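This report concerns only the one structure given below.
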Amino acid sequence: MSSELDSVLGKRWKKPPLIRRTWLRRSLSIGFVIYLILAIATIEVNWLRVYEGLDRGLLFILAFASPDFISRSSDIWTGMVESLVMTVGASVVGIAISIPIGLGAARNIAPLPVYLVCRGIVAISRALQEIIVAILLVAIFGFGPLAGFLTLSFATIGFLSKLLAEDIESMDRVQAEAIRASGSSWLQWINYGVQPQVMPRLIGLSLYRVDINFRESAILGLVGAGGIGATLNTAFDRYEYDTAAAILILIIVIVMSLEYISGMIRAKVQ
Amino acid sequence: MPVFEKGESKVWQRRTRTQSLFHWAMWLTGTAVFVYCWERISEATTWFFVWDAPRISADIWTRATPPRWEYVSQLGGPIWDTLNIATLGTIIAICLAVPVAFLAARNTTPSVLIVRPIALLVIVSSRSINSLIWALLLIAIIGPGVLAGVLAIAIRSIGFCAKLLYEAIEEIDESQVEAIRAVGARPWQVMTYGIVPQILPAFAGITVFRWDINIRESTVLGLVGAGGIGLQLQASLNVLAWPQVSLILLVILVAVIISEWISAKVRGAII
């Protein structure tokens, strides 16, 4: 028997920690606790107000049991249609623009200047949140769904181009090379060598983006960019919880069905 | 392979005739739907303002530059609030998301018929509704302030974290769990020694990823009154103080870039 084994035998086994270095683990956890204390200490909470609000919270939860679709049905209908219209329009335009930008942002098929320009566009679009873009566009283009439509298109470009470019960069070079070797033009090369490889993922991502666009379109109304958000905001402001609950239920149902449909299409494509 | 004989030569086509017809029909419907949507949007737009847009944007640009740098001294508190909203919200969300994820995963749920659908419903409702809407709702209930922001972020993040987490749980290696069970572990021990070590990296990754998203979202929560730097943004927008608006946007941009950098570093170190 080696002494090494003996020294191990007496001890109980312990789970290895997630972070191996002891000093790093300890300083991280101490720092975290200090931060937590500071953060919680600086939050000002009016507990009386919270306590008074609990009744209203209960009312709201009860409202989910009896949502009111009827009394504001025309407002809800117009808002929902506007949201859906913005979603569809912005998804189509966003996808159409993000395909060339995605091609340009893939290092293996684009020359360096094009690559840098396209990556720049992607970075700008991803760094700015929808709601901030919407505020600026409402200031420029005026209230209404056009601002929301442009916001969603802009956000789609950043999301889709980046993922498409990453997909193109990781594609199989051999197939594209084979098309090139048979003397194809640049367009034919993209169409027959690259596109078939990335198409399933592109379709999947586009459907996912449609889903996101609908969810985002529900808040654009808060800043005046059209859609169901304005109706929802009014319902909250007037404490009409049953109408608000109806709108929220509609949003949840539409998102669920969109997810279901996109799941089916994705399963079929892949 | 659709090949047609044309006299002597054979012509290759990409699709058969039915496939092409189907494609045409799809494109036609798609175009029709898009044109209809565009009509609706264009009806609701005041085109006069749109044609005026270049002048307006140039005007806003001249008003907004240069940013009012000395205003930065007033942004320290709001930035701290924003950071707290994101971090505390993420912590609460994680604490609630873990049990939901275990209830929703097919291989750990106590009952597939009753508990799992409820857990999935919780996940879907929390995910479908944007944090700004949750914030609106909470402000109506518990009043404006940082607390409403923290709770809004927490509720919104539960669904996201729980969804990614339960997918990770469903993908674990069953043989490790089997091994732990075979040495006579109790269910609780199976959990801590068989399942948790397998999902811990995914868990840490999801947490940091969501924290990064939450920093972005909490910067705008103030627009509806839920605390953070968005309050200053809203106040500056209301009085049309464009130099302050541009400064706040710059600060938000820097915060977002820093949080994304931190999140990428941490995830790189874990995975």
Side-chain angles (χ1 to χ4, degrees), chain A residues 15 18 35-36 38-40 42-46 49-50 52-54 56-57 60 81-82 84-89 92-93 127-129 131-132 135-136 139-146 148-149 192 215-216 218-219 222-223 226 229 232-233 236-237 239 241 244 248 251-252 254-256 259, chain B residues 14 30 33-34 36-38 40-42 44-46 48-50 53 56-57 60 77 80-81 83-84 87-88 91 124-125 127-130 132-133 136-143 145-147 150 192-193 197 200-201 204 216-217 219-220 223-224 227 233 237 249 252-253 256-257 260 270:
Chain A
K15 250 192 341 187
L18 183 65
Y35 167 76
L36 263 193
L38 277 180
I40 293 173
T42 50
I43 287 184
E44 290 167 23
V45 183
N46 184 352
R49 176 75 177 78
V50 173
E52 282 169 6
L54 288 183
R56 253 171 294 165
F60 181 75
V81 170
E82 203 168 74
L84 283 171
V85 159
M86 267 160 43
T87 309
V88 174
V92 171
V93 172
L128 296 170
Q129 284 130 310
I131 200 87
I132 290 177
I135 291 174
L136 295 178
I140 294 173
F141 290 103
F143 293 103
L146 184 75
F149 163 77
Y192 291 94
R215 274 184 262 171
E216 294 293 334
I219 56 160
L222 298 182
V223 295
L232 189 62
N233 199 6
F236 278 128
D237 283 347
Y239 296 106
Y241 290 143
L248 291 185
I251 294 177
I252 294 176
I254 293 180
V255 169
M256 269 174 85
E259 262 184 23
Chain B
R14 200 167 168 198
V33 169
F34 174 68
Y36 171 75
C37 290
W38 177 248
R40 290 290 298 236
I41 293 173
S42 136
T45 307
T46 320
F48 170 72
F49 288 139
V50 178
I56 299 290
S57 38
I60 290 179
W80 171 249
D81 278 345
L83 179 69
N84 289 343
T87 315
L88 296 179
I91 293 171
V124 157
S125 338
R127 257 160 47 80
S128 333
I129 295 172
N130 198 289
L132 271 173
I133 297 180
L136 266 185
L137 171 64
L138 286 162
I139 284 166
I141 293 174
I142 62 172
V146 177
L147 183 68
V150 172
T192 44
Y193 292 95
L200 213 50
R216 280 160 189 263
E217 296 204 337
T219 53
V220 292
L223 291 176
V224 295
L233 180 63
L237 276 171
L249 291 185
I252 290 180
L253 203 64
V256 165
I257 292 171
E260 195 163 306
I270 294 169

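Throughout, a chain's letter reflects where its sequence line sits, starting with A, and its residues are numbered from 1. Only a predicted model underlies this, so the values are computations on that prediction, with no experimental measurement involved.
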Check your understanding: Out of B:F49, B:W38, B:F48, which one racks up the most heavy-atom pairs below 4.5 Å with chain A?
Key -> B:W38
**Study point:** Engaged part of B:I41 at the chain A interface, taking heavy atoms whose separation is under 4.5 Å
**Key:** both
Check your understanding: Taking atom CD1 of A:I140 and atom CD1 of B:I60, what is their separation to the nearest 0.5 Å?
Key -> 5.0 Å
Point to revise | Side chain / backbone / both / neither for B:E217 at chain A, heavy atoms under 4.5 Å | key: backbone
Point to revise | Which atoms of A:D237 approach chain B - backbone, side chain, both or neither, heavy atom under 4.5 Å | key: neither
Exercise for review: Kindly indicate whether the side chain of A:L128, heavy atoms from C-beta on, has any atom under 4.5 Å from the side chain of B:L253.
Suggested key: yes
Exercise for review: Could you check if a side-chain atom of A:I135 sits within less than 4.5 angstrom of a side-chain atom of B:L223, using non-hydrogen atoms only?
Suggested key: yes
Exercise for review: With a 4.5 angstrom heavy-atom cut-off, could you sort out which part of A:F60 is near chain B: side chain, backbone, both or neither?
Suggested key: side chain
Point to revise | Per-residue contact mode, A:A244 against chain B (heavy atom under 4.5 angstrom) | key: neither
**Study point:** Pairwise side-chain contact, A:V92 with B:V33, heavy-atom cut-off 4.5 Å (strictly under)
**Key:** no
Review point. Is the B:W80 ring parallel, tilted or perpendicular to the A:Y35 ring (thresholds 30°, 60°)?
Key: perpendicular
**Study point:** Any side-chain heavy-atom pair of A:I132 and B:V220 under 4.5 Å
**Key:** yes
Study note, to complete from the structure: Bottom line for B:I56: the part with an atom under 4.5 Å from chain A's heavy atoms is side chain
Point to revise | Interatomic spacing from CD1 in B:I129 to CG in A:L248 - rounded to 0.5 Å | key: 4.5 Å
Practice item. Please flag which part of A:L222 lies under 4.5 Å from any non-hydrogen atom of chain B: side chain, backbone, both or neither. Key: side chain
Review point. With chain B, which of A:L146, A:I40, A:V88, A:V255 has the greatest number of heavy-atom pairs at distances under 4.5 Å?
Key: A:L146
Practice item. For chain A, find which of B:V150, B:V224, B:L249 contributes the most heavy-atom pairs closer than 4.5 angstrom. Key: B:L249
Check your understanding: Among B:L147, B:L137, B:I91, B:V256, who wins on heavy-atom pairs under 4.5 Å with chain A?
Key -> B:L137
Review point. Which atoms form the tightest heavy-atom contact between A:A39 and B:N84, and what is the distance?
Key: CB-OD1, 3.3 Å
Practice item. Write down the atom of B:T219, the atom of A:Q129, and the distance for their closest heavy-atom approach. Key: OG1-NE2, 3.0 Å
Point to revise | Smallest separation among heavy atoms of B:S128 and A:I251, with atom names | key: O-CG2, 4.0 Å
Practice item. Going by the side-chain contact (heavy atoms from CB on, under 4.5 Å) test, name the single residue among A:V81, A:V85, A:L84 that passes it with B:C37. Key: A:V85
Review point. Which bit of B:T45 comes within less than 4.5 Å of chain A, counting heavy atoms only: side chain, backbone, both or neither?
Key: side chain
**Study point:** A:F143 side chain near B:T46 side chain, heavy-atom distance below 4.5 Å
**Key:** no
Review point. Is it the backbone or the side chain of A:L38 that comes under 4.5 Å from a heavy atom of chain B, or both, or neither?
Key: both
Check your understanding: For A:E259, which residues count as a side chain to side chain donor-acceptor pair (under 3.5 Å) partner, sequence neighbours excluded?
Key -> B:R127
Review point. Is the side chain of A:R56 donor-acceptor paired with the backbone N or O of B:A140 at a distance under 3.5 Å, no angle test?
Key: yes
Study note, to complete from the structure: When every non-hydrogen atom of A:I252 is compared with those of B:S125, the smallest separation belongs to CD1-CB, 3.7 Å
Practice item. Please tell me if the side chains of A:E216 and B:N130 come closer than 4.5 Å, counting only heavy atoms from C-beta onward. Key: yes
Check your understanding: B:L138, B:V146, B:V50: which one forms the most heavy-atom pairs within less than 4.5 Å of chain A?
Key -> B:V50
Exercise for review: Quick one: pull up CD1 in B:I141 and CD in A:E52 and give me the separation to the nearest 0.5 Å.
Suggested key: 14.0 Å
Check your understanding: chain A heavy atoms under 4.5 Å from B:I257: which part of the residue, side chain, backbone, both or neither?
Key -> neither
**Study point:** Contact origin within A:I131 toward chain B - heavy atom pairs under 4.5 Å
**Key:** side chain
Study note, to complete from the structure: Ranking A:G144, A:G142, A:A139 by heavy-atom pairs under 4.5 Å to chain B gives rank one to A:A139
Review point. Closest approach of A:E82 and B:A44, non-hydrogen atoms and distance?
Key: OE2-CB, 4.4 Å
Review point. Given the options B:L237, B:T87, B:D81, which has more heavy-atom pairs under 4.5 Å with chain A than any of the others?
Key: B:T87
Review point. Closest approach of A:G89 and B:F34, non-hydrogen atoms and distance?
Key: O-CE1, 3.7 Å
